[in-house]
Structures are given as structure tokens and as C-alpha cells.
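Quick note on labels: first sequence line is chain A, next is B, and so on, each numbered from 1.
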Amino acid sequence: MTPHGNPEFPGESTPAGSANEGSRAAAASASSTPATSTTESHSHSQWPLWEVFVRSSRGLSHVHAGSLHAPDAAMALRNARDLYTRRNEGVSIWVVPADAISASDPDAKGSFFESPQGKDYRHATYYTKSEGVKHL
Amino acid sequence: MASQNLQSVPAELSPEEVEREKAGQAYFERIIAEDSRIEPRDWMPEAYRKTLLRQISQHAHSEIIGMQPEANWITRAPSLKRKAILMAKVQDEAGHGLYLYSAAETLGQSRDKMMEDLIAGKARYSSIFNYPAVSWADMGAIGWLVDGAAICNQVPLCRASYGPYGRAMVRICKEESFHQRQGFEILLELSNGTPAQKQMAQEAVNRWYAPSLMMFGPPDDDSPNSRQSMAWNIKRFSNDELRSRFVGMIVEQVKVLGLELPDKDIRYNEETRKWEYGPLDWEEFKNVLAGRGPCNSQRLERRRQAHDDGAWVREAAAEYARKQAEKEYAA
């Protein structure tokens, strides 16, 4: 693509081989041509998945922000910075290989989290306030 | 809805599996009825998964392809300030694409497969990015109208029933509002400039008005998937509803710009309390979506080229990581 010409301008010439703007015929014929690309498709396995945790400011804990693919931890950190802290959202980042995370079984949600149920007495609001008693 | 979902249970299941499917189904329906969120490891109907995967991956592709009409103007932005703003915007779009690919991956599709589908021309993306950006004023009109329409569409998606999609949309919407404001500002500056600059702004608005209204998708009576998506709490409002709201917003904003919308039929209907607009060319919409738009082949070719040009970087990074890991193992 020419650095200073506008390839999108219908009047300007476009690089050889690429379809002209506004040329529907060219577009139609090109779209029916099979793709010639994806040279390395299936030949390399996908980069591992990393989960990203960002500390938004000092004194707060790291919070899950999202995930990304990267070949190693150093690249994962750099990519995480570019992807999740473009607007000063963080002062610290953790990246964790997604497959290193153990998670509770979603099918067992009922029984796994059953224990606190019916134990309202663990909350302060369970207790009736006595009138006039302060600092309690 | 219930009867349709039952059909998604394959016939060759053992009695225990059938029980588990039924329990999953009941749980899914309760979550939807409570307007709560479905998370990746929850049971979900195949059709729900497919619908989401299609919608989220198309959305991701749109962000990635959407970088092109604007990236094309970075070298010719009229000032250093505008260049810096445009670069930030294009970088955001790359980021938005990545958030969305991550969300789509949680549904079981690999990112490589999505990339391949895009490059092979098998995947769809928003029709809007197949129109050319022919003048600097188009950067203004794209920001104001195209990003404006996108925000209108995306804000309700923050409450989509699928957790990862909603969370990605929250992040995207936060970042997107600057996109619309910088576009409005570009048009405002041009409109207050020389008569030629004002005309350039008006022409850009004329070019992008109808395509941006069509971004909301086909009219409600011609949008077969909408009703199901709304029943699943993926979509919250119909295409026409959102389009009408958007018209109501820009009809006021255009006055501040001192420009006009190229539509004499815009009016507020007191009875329906909705904004109405002139007829849109849905034949054109279908053609552009089917790959016969003014820039479809150029956009895909550019995407392919960028993918191929980046191959050595990906290979080098992978090789470096492999060697480092080997060294660590040996030490």
C-alpha cells in the first residue's frame, strides 16, 4: 500500500493485483477464488492461553481482567500490558497459564456451596440491635 | 422455546445421560428466566452455543477488519494530534477484537480456526467496513455515525446472558465512547472551517448515514434469528427499535454540527413514540454482506497479507519460547 496515497479513493490507482474500489465485478470474482493463504495453518499448535490479573492501584488485590494467547510468560506480560492497561488501568499484572488453574466443578454447585446455607448467624445482620447501644 | 430445546438432545443417549441433559436444560432455563448469566462451563443448548459463537466471532472479525478504513488514514491525518488519536483508536479496535475472540473461545472454538475462517472468506463481519473511506471527513463520519451506531447496539449487549460476552462488551463500551466523540469533533471542526471543508463534512455524512443505519441489521420482520436471541436474553432490543433510537440521537446532534442528515423522511411519530426514517436499500445490504460490496475483496486481501507478513514473528516468538524452556529444563 502506498504510504501517502489513499488506496480507498476510487480515482487513484491501486496496487496491481488488488481489487479496485467500487468495482463490484472485481470484488465478486475475487471472493469466489479459493483462499491461497494461511501458510502455517494447522502446522503450528496454538500458543498457550494465559489468564490476566490486574492490580488497578496500590492497596487493591489483582482482579481477573481477561485472557490472551502468548508463547511464554514474558510475551504474555507484554501483551497483557498492551491489551488490558492502555488507559492506566493497572500498576501490576499477573499472568497465569490457564491450564494451571483448578476450578470447582460447575455441576456440583449445589452441594459444594451448601454448607453456609441456613447459617445466617454468621452475618452481623442476624442479630437484633438493642436500642441505645452504641459501637456494636 | 422449550420444545425447540428438547430437540437438541440427541437420541442415542443412555438413560443417565438423558437425565443429565434434562437437568442441565432445566438449570439453563431457570438461569435465563431469572435473567442471570450463563458461564462457560454451564450446560447450554447447542443452538444457544452456536448462535453466540456466530455472533461473537462475527463481532470480533468486525473489529479486526474495522481497523483498515482508519489505519489507511493514519499517515495522512492532518495533524500530529489527529494522528495520535487515530492510532489510539485503531489500537483499541485490535484490543476489542481480542477481547471478543477470547469470549468466543470459551464456547469451544479455537482462535486459529476463527482466524482461518476469516482469512478464507468463510466468516462474516459487519457490512459497514466494506465501504471505502475516501476523505479525511470520513474519519469524522465513521467515528460519529459508525461508532455511534455500534455503541447503541453494544450498550444493551453488556447485559447479554452469556457472561464472557457481557464482560467483553462492558470493557469495549467504556473505551468506545471516545471513538464517537473524536469523530464528532472532527466533523465539528470541518463544519466550522472553510466552505470547502464544510462541504467535505456534509458529503461524508451523506455517505455514511444509510450504511450506519443498516448496521443494526435487517428490519424486524426479516430478521429470523432475532426473536430467539431475545428469548435467550442475548439481544435486549430489536433491530428496528435500536435503529429508531439511534436516529433520534443523531437528529439532534447533527444540528450542533450545522450539517444535515440526507433523509427527508425523518420524523417523530407521536403515536408510536418512535423516530421514523426513509427507506433503506436492503438489496445493497445483502450484496455487501454476501461479499459484493465496494471493498470486500480489498479488506480480506489486506487481512490475509497482514497475517502472512506476521508469520515470521509468530514463528520466531514460538521458537524463542521453546529454546528458553529447554534452557530452563537443562539448568
For B:Asp92, which atoms come within 4.5 Å of any heavy atom of chain A: side chain, backbone, both, or neither? both

Greater than 12 external heavy atoms within 6.0 Å of A:Arg87's CZ: yes

Nearest heavy-atom neighbours spanning A:Ala103 and B:Arg41: CB-NH1, 3.1 Å

Within the structure provided, determine whether A:Trp47 and B:Arg111 are in side-chain contact (heavy-atom separation under 4.5 Å). no

Do other residues, nucleotides or ligands put more than 12 heavy atoms under 6.0 Å from A:Asn88 CG? no

Please report the closest heavy-atom contact between B:Ala318 and A:Pro71, naming both atoms and the distance. CA-CB, 4.1 Å

With rounding to the nearest 0.5 angstrom, report the CD to CE distance, A:Gln46 to B:Met115. 10.0 Å

Residues, nucleotides or ligands: over 12 heavy atoms within 6.0 Å of A:Leu136 CG: no

Which bit of A:Ala65 comes within less than 4.5 Å of chain B, counting heavy atoms only: side chain, backbone, both or neither? both

Among B:Gln324, B:Glu319, B:Arg322, B:Glu105, which has the most heavy-atom pairs under 4.5 Å with chain A? B:Glu105

For B:Ala317 and A:Met75, which heavy atoms make the closest approach, and how far apart are they? CB-CE, 4.2 Å

Do side-chain atoms of B:Tyr99 reach the backbone of A:Tyr84 as a donor and acceptor pair under 3.5 angstrom? no

Flag yes if more than 12 heavy atoms outside A:Lys129 fall under 6.0 Å of its NZ atom; otherwise flag no. no

Using non-hydrogen atoms and a 4.5 Å limit, figure out which bit of A:Glu89 sits close to chain B: side chain, backbone, both or neither. side chain

Could you tell me the separation between the CD atom of B:Gln91 and the CZ atom of A:Arg86, rounded to the nearest 0.5 Å? 5.5 Å

Do other residues, nucleotides or ligands put more than 12 heavy atoms under 6.0 Å from the OH atom of A:Tyr126? no

Backbone N or O of A:Ser67 within a donor-acceptor pair of the B:Ser102 side chain at under 3.5 Å? yes

Is it the case that atom OH in B:Tyr329 sees more than 12 heavy atoms from other parts of the structure closer than 6.0 Å? no

Is it the case that atom CD in B:Glu328 sees more than 12 heavy atoms from other parts of the structure closer than 6.0 Å? no

At under 4.5 Å between heavy atoms, what parts of residues 162-182 of chain B are in contact with chain A? List them by residue number. B:Arg171, B:Glu175, B:Phe178

